[in-house]
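Just so it is clear, the model here is predicted, and its values are computed rather than measured. Sequence lines set the chain letters: A, B, ... in the order given, protein chains first and strands last, and positions in each chain run from 1.
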There are 2 protein chains.
Amino acid sequence: MLDPMGSGQVRLSDVAAVAGVSLSTASKALSGSTRISLATRERVRAAATRLDFRPDALAQSFASGRSRTIGVLTHRATNTFSQPVLIGAVLLLGEQDQATLVHDGDVAVHRRLGQSVRELQARRIDGLLVIGDGHEQVTASVTHHFAVPVSYAFTASDAEEDVVFLPDNEAAGRIAAEHLLSRGRRRIAHLTGPRQSLAVQLRETGFREALGSAGVHPVGPVLRSHWGRPWGAEAMTRLLDSGTDVDAVFCGNDHIALGALDVCTRRGISVPDDIALIGVDNWEGVVVDQNIRQLTTVDLELMALGRRAAASLLGERPTPGQHRSPPTLVQGPST
Amino acid sequence: MLDPMGSGQVRLSDVAAVAGVSLSTASKALSGSTRISLATRERVRAAATRLDFRPDALAQSFASGRSRTIGVLTHRATNTFSQPVLIGAVLLLGEQDQATLVHDGDVAVHRRLGQSVRELQARRIDGLLVIGDGHEQVTASVTHHFAVPVSYAFTASDAEEDVVFLPDNEAAGRIAAEHLLSRGRRRIAHLTGPRQSLAVQLRETGFREALGSAGVHPVGPVLRSHWGRPWGAEAMTRLLDSGTDVDAVFCGNDHIALGALDVCTRRGISVPDDIALIGVDNWEGVVVDQNIRQLTTVDLELMALGRRAAASLLGERPTPGQHRSPPTLVQGPST
DNA sequence: CTGAAAGCGCTTACAG
DNA sequence: CTGAAAGCGCTTACAG
C-alpha cells in the first residue's frame with residue numbers, strides 16, 4: 001500500500017538502515033555519481049524501491065543549491081504569438097521536472113525589470129529564459145545579472161554573446177516560394193503586411209531568394225499594408241484588376257491569404273487550379289475544427305521555439321549567437 | 001553597489017549581527033508574525049535594507065516546508081482553449097511569486113497520471129491545479145492523493161466536495177440574448193454547434209431562458225451541426241431560404257457567426273441594420289490586428305478562469321462545488 | 001519580548 | 001569503496 005498522501009515519511013536514513021550502509025553511501029548510491037561498488041548500489045536501490053523512497057525535493061535543493069526552477073521573464077505574455085512560446089517552454093520544463101517562475105511585464109521598463117531580476121535571484125533559479133514579443137525589438141541584455149545560464153527567445157538581445165532563439169522568417173519565405181515552384185507555378189505575386197515590419201522584410205527576402213535561384217521573378221508589384229483579412233481582400237482585388245498574369249500568390253500571413261481567398265471565391269477563380277495561395281502562421285492550426293482548413297501555410301513553429309529555448313538552459317549550452325528555428329510547411333487545399 | 005550576480009552572500013545571521021539581536025529574533029522580526037517590539041522590528045528591518053538582505057528561498061522552503069511551487073496537471077495543454085487557462089494560471093502564480101510545475105498528459109490515462117501524482121508529491125508542491133480541456137468531460141478526482149489544496153479548472157470533477165471552476169455557458173447564452181433584446185430585436189434565430197456538445201446545450205438553455213423572461217420565442221428551428229465557418233454559412237443560407245422573418249441571429253460560436261456574416265455580405269443583407277449577429281468566444285480578440293473586428297461576441301474569459309482557479313490555491317479556500325466565471329460582452333460592429 | 005538550540009533531510013568534501 | 005561529520009540558511013517550539 002503506497003503512502004496515499006505522499007507525506008514522504010520515508011527518509012534516506014531509513015533506506016540506508018535497511019540497506020545496512022551509511023547515509024552518505026546511500027546518497028551516493030542513489031545519485032549514481034561517485035564510485036560505488038555495484039553490489040552496494042544494487043542493495044541501496046532495492047531498499048529504496050521496497051520502501052518507496054522519494055527524496056524530499058526541498059532538502060535536495062537546499063543541500064545541492066539547485067532549485068529545479070527556471071525563471072521566465074516575459075514581455076507581455078498574453079500576446080497572441082508570445083503565448084505558444086511560453087506554453088512550449090513551460091511544457092518542456094515540466095517534462096524535465098523543472099518548475100517555472102514567470103514574471104510578466106514590460107521588459108523595457110527598467111524599474112519593474114530590476115525588481116523582477118532581484119526576486120528571481122533570491123529564488124535561486126537555475127536558469128533564466130527571456131521571452132520577447134516577436135523579433136521586432138531588441139531586448140536589453142540581463143545576462144550579466146545572473147550567475148546561471150540565460151537564454152533569449154522571440155527577441156534579439158543587445159549583447160552579442162547571448163544565446164538567442166528566433167523564428168526564421170527568411171526560411172518561411174523560401175519555403176513558401178519553393179513550394180509554389182514545386183507545384184509548377186512561375187507567375188507568383190506577393191501580398192504582405194506593413195513595409196516597416198521586420199517579418200515582412202525577411203519573408204520577402206527569403207521569397208525573392210528562392211525565386212531567384214530558380215530564375216524566376218515575382219510578378220506585379222509587392223503590395224504591402226496591413227496584416228488583416230480586409231487588406232488581403234483589397235490587395236488581391238488590386239492585383240487581379242491590374243490584369244497581372246498570375247498563377248500563385250505568396251501572402252505574408254494567413255489573414256491576408258484568407259482575404260485573398262475570399263476575393264477568388266467571389267469572382268469564381270478556382271483555388272488552387274487557377275491561382276494557388278500560401279500564407280504564414282498556420283493560423284488555422286489553432287482553430288477548433290481541423291477539418292475546415294482552407295489554406296496551405298508555413299508554420300513558424302513558435303511552440304517548438306519555446307521548447308528549444310527552454311531546453312538550452314538544461315543540457316549543454318549552445319553556442320552564443322542567434323539560433324533560428326526551422327518553419328514547416330503545412331499542406332492545405334489552397335496549393 | 002548592489003550584488004550584481006545576486007549570489008546572496010548576505011545571510012540572516014549578518015542582519016542579526018548588525019541589528020544586535022539573535023538569529024531567531026531577526027527571523028521573527030522580518031517574518032512579521034510573532035510578537036516583537038516595534039523598536040526591534042524596525043532595527044532589524046533597517047539592517048536588512050541596508051545590507052540588501054534577500055532571504056535564500058531554498059533555505060526558507062526547506063525550513064518552512066513550503067516550496068512556493070504549485071503543481072499543474074493539464075489534459076493536453078496545447079488545446080486551443082486550454083492554453084489561455086494555463087497562461088492565466090501561470091501568470092497569476094508568477095505574480096504571487098509562486099513557481100509552476102506543469103505535468104501535461106492525458107488525465108484519463110491512469111498509469112501516467114499516477115506517475116505525475118508521485119512526482120508532484122515528491123516536489124512538495126503547495127497546491128495542485130487540474131486543468132481539463134473544456135467542460136465536456138468529468139475528471140477523476142485526485143484530491144485524496146494530496147495533503148495540499150487541489151482545485152479543478154475547465155473540467156468537472158467526479159467528487160462533489162472538490163473545488164471546481166468552469167466557464168458559464170448558460171450565462172453566455174443569456175448575455176447574448178439580453179444584448180440582442182436590448183437592441184430592440186425580437187425575431188431572433190439560433191445557429192449552433194453539434195447537439196451533443198454540452199456547451200451547445202448550455203448556451204441554448206441560457207438563450208431560451210433570457211428570451212422567455214422577455215416573452216420572446218426563438219424564430220425558426222435551432223440549426224445544430226458543426227463549429228466551423230462553413231457550417232455557419234450553410235446554416236445561415238438555410239435560415240434565409242426558409243423565409244423566416246429574422247432580425248437577429250445568436251451564433252453558437254464566432255466561426256459560425258463569421259460564416260453567417262459571409263452569407264449576409266454576399267446577399268447584400270446589412271449587418272446589423274437588417275440582421276444583427278452575435279457569437280461566442282471572442283475569437284477575434286486573439287487576432288493580431290484589433291481594428292479588423294467584425295463581430296459582437298461573448299467572451300468566456302478563460303484566462304480569468306485560469307487566474308481565479310490558481311488564486312483559489314493561495315488565499316482562503318473557496319467553498320466546495322462548482323464556481324462559474326462570468327462571461328463578458330464584447331461589442332463589435334455586428335449588433 | 002528575546003535568545004539558545006534543535007531541526008528541516010539531504011549533499012559533499014574529507015579521512016580512512 | 002565506505003563512513004563520520006559538517007554544512008546548506010533558514011524556522012520554530014521551547015525556555016527564560
Side-chain angles (χ1 to χ4, degrees), chain A residues 3 6-45 47-48 51-69 97 121-126 147, chain B residues 3 6-45 47-48 51-69 97 121-126 147:
Chain A
D3 173 16
S7 28
Q9 278 125 346
V10 177
R11 283 156 306 177
L12 183 56
S13 57
D14 299 324
V15 174
V18 166
V21 298
S22 74
L23 186 61
S24 46
T25 299
S27 174
K28 286 168 207 152
L30 292 181
S31 69
S33 55
T34 337
R35 303 176 202 305
I36 282 279
S37 77
L38 200 68
T40 305
R41 184 192 305 279
E42 287 312 320
R43 199 141 38 89
V44 174
R45 282 195 179 155
L51 296 177
D52 188 33
F53 169 68
R54 284 167 287 168
D56 183 322
L58 262 34
Q60 281 187 313
S61 285
F62 179 52
S64 68
R66 268 161 289 133
S67 60
R68 291 202 245 169
T69 298
D97 208 36
Q121 287 171 340
R123 273 299 282 262
R124 307 282 309 269
I125 54 171
D126 293 341
Chain B
D3 173 17
S7 29
Q9 278 125 347
V10 177
R11 282 155 307 176
L12 184 55
S13 57
D14 299 323
V15 175
V18 167
V21 297
S22 73
L23 185 62
S24 47
T25 298
S27 174
K28 285 168 207 152
L30 292 180
S31 69
S33 53
T34 337
R35 301 176 204 306
I36 283 279
S37 78
L38 200 67
T40 306
R41 184 191 306 279
E42 286 312 319
R43 201 141 37 89
V44 174
R45 283 197 178 154
L51 297 177
D52 189 32
F53 169 67
R54 284 167 286 167
D56 183 323
L58 263 32
Q60 281 186 314
S61 284
F62 179 53
S64 68
R66 267 161 290 132
S67 60
R68 292 202 244 169
T69 299
D97 208 36
Q121 288 171 339
R123 273 299 282 263
R124 306 282 309 268
I125 55 171
D126 293 341

Review point. Dot-bracket, DNA chain C: Watson-Crick or G-U, under 3.5 angstrom, [ ] crossing, | other strand?
Key: |||.||||||||.|||

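- Sequence order on DNA chain C of the closest nucleotides to B:F62 and B:T25 puts B:T25 first from the 5' end.
- Residues A:L51 and A:V10 approach most closely at O-CG2, 3.4 Å, considering heavy atoms.
- Closest-nucleotide positions on DNA chain D for A:L23 and B:F53 were compared, and the one nearer the 5' end corresponds to A:L23.
- Atom CG of A:D14 and atom P of C:dG9 are 10 Å apart (whole Å).
- To the nearest angstrom, C1' of C:dC1 lies 16 Å from CG of B:L30.
- Nucleotide C:dC8 holds its P atom 12 Å from the CZ atom of B:R124, rounded to whole Å.
- Around the CZ atom of A:R43, the shell of radius 6.0 Å holds more than 12 heavy atoms that belong to other residues, nucleotides or ligands.
- Taking side-chain N and O atoms only, B:R66 has a distance below 4.0 Å to OP1 or OP2 of D:dT12.
- The main-chain N or O of A:L23 is never found under 3.5 Å from a side-chain atom of A:S27 such that the two would form a donor-acceptor pair.
- With C:dT2, C:dG9, D:dG9 as the choices, the nucleotide that has an atom nearest any side-chain atom of A:R11 turns out to be C:dG9.
- At the phosphate of C:dT11, neither OP1 nor OP2 sits under 4.0 Å from any side-chain N or O atom of A:S64.
- Distance from the side chain of A:A59 is smallest to C:dC10 among C:dC10, D:dC10, C:dT2.
- The side chain of B:T40 places an N or O atom within less than 4.0 Å of a non-bridging phosphate oxygen (OP1 or OP2) of C:dT2.
- Side chain of B:S61 to backbone of A:L58: no donor-acceptor contact under 3.5 angstrom is found.
- The side chain of B:A63 lies closest to D:dG9, out of C:dT2, C:dA13, D:dG9.
- To the nearest 0.5 Å, the span separating CG on A:D52 from CG on A:D14 amounts to 12.0 Å.
- In this structure, B:L58 places its CG atom 13 Å from P of D:dT11, rounding to the nearest Å.
- Contact annotation for A:S61: no contact, since no heavy-atom pair falls under 4.0 Å across all strands.
- Between A:Q60 atom CD and B:F62 atom CZ the span is 11.0 Å, to the nearest 0.5 Å.
- The NZ atom of A:K28 sits 10 Å away from the C1' atom of D:dA4 (whole-angstrom rounding).
- For A:L12, taking side-chain heavy atoms from C-beta onward, the closest of the listed nucleotides C:dT11, D:dT11, D:dC10 is C:dT11.
- Applying the 4.0 Å criterion to OP1 and OP2 of C:dA4, one finds that B:S22 has every side-chain N and O outside that range.
- Considering only the side chain of A:Q60, C:dC10 comes nearest among C:dT2, D:dT12, C:dC10.
- When heavy atoms are screened at a 4.0 angstrom cut-off, B:S37 is found touching the sugar-phosphate backbone but no base atom.
- The listed nucleotides are C:dT2, C:dC10, C:dT12; the one nearest the side chain of A:D56 is C:dC10.
- From A:S31, atom OG reaches atom CZ of A:R41 across 8.0 Å, with rounding to the nearest 0.5 Å.
- Under a 3.5 Å cut-off, the side chain of B:R123 and the backbone N or O of A:D97 do form a donor-acceptor pair.
- In this structure, A:I36 atom CD1 and D:dG3 atom P are separated by 8 Å, rounded to whole Å.
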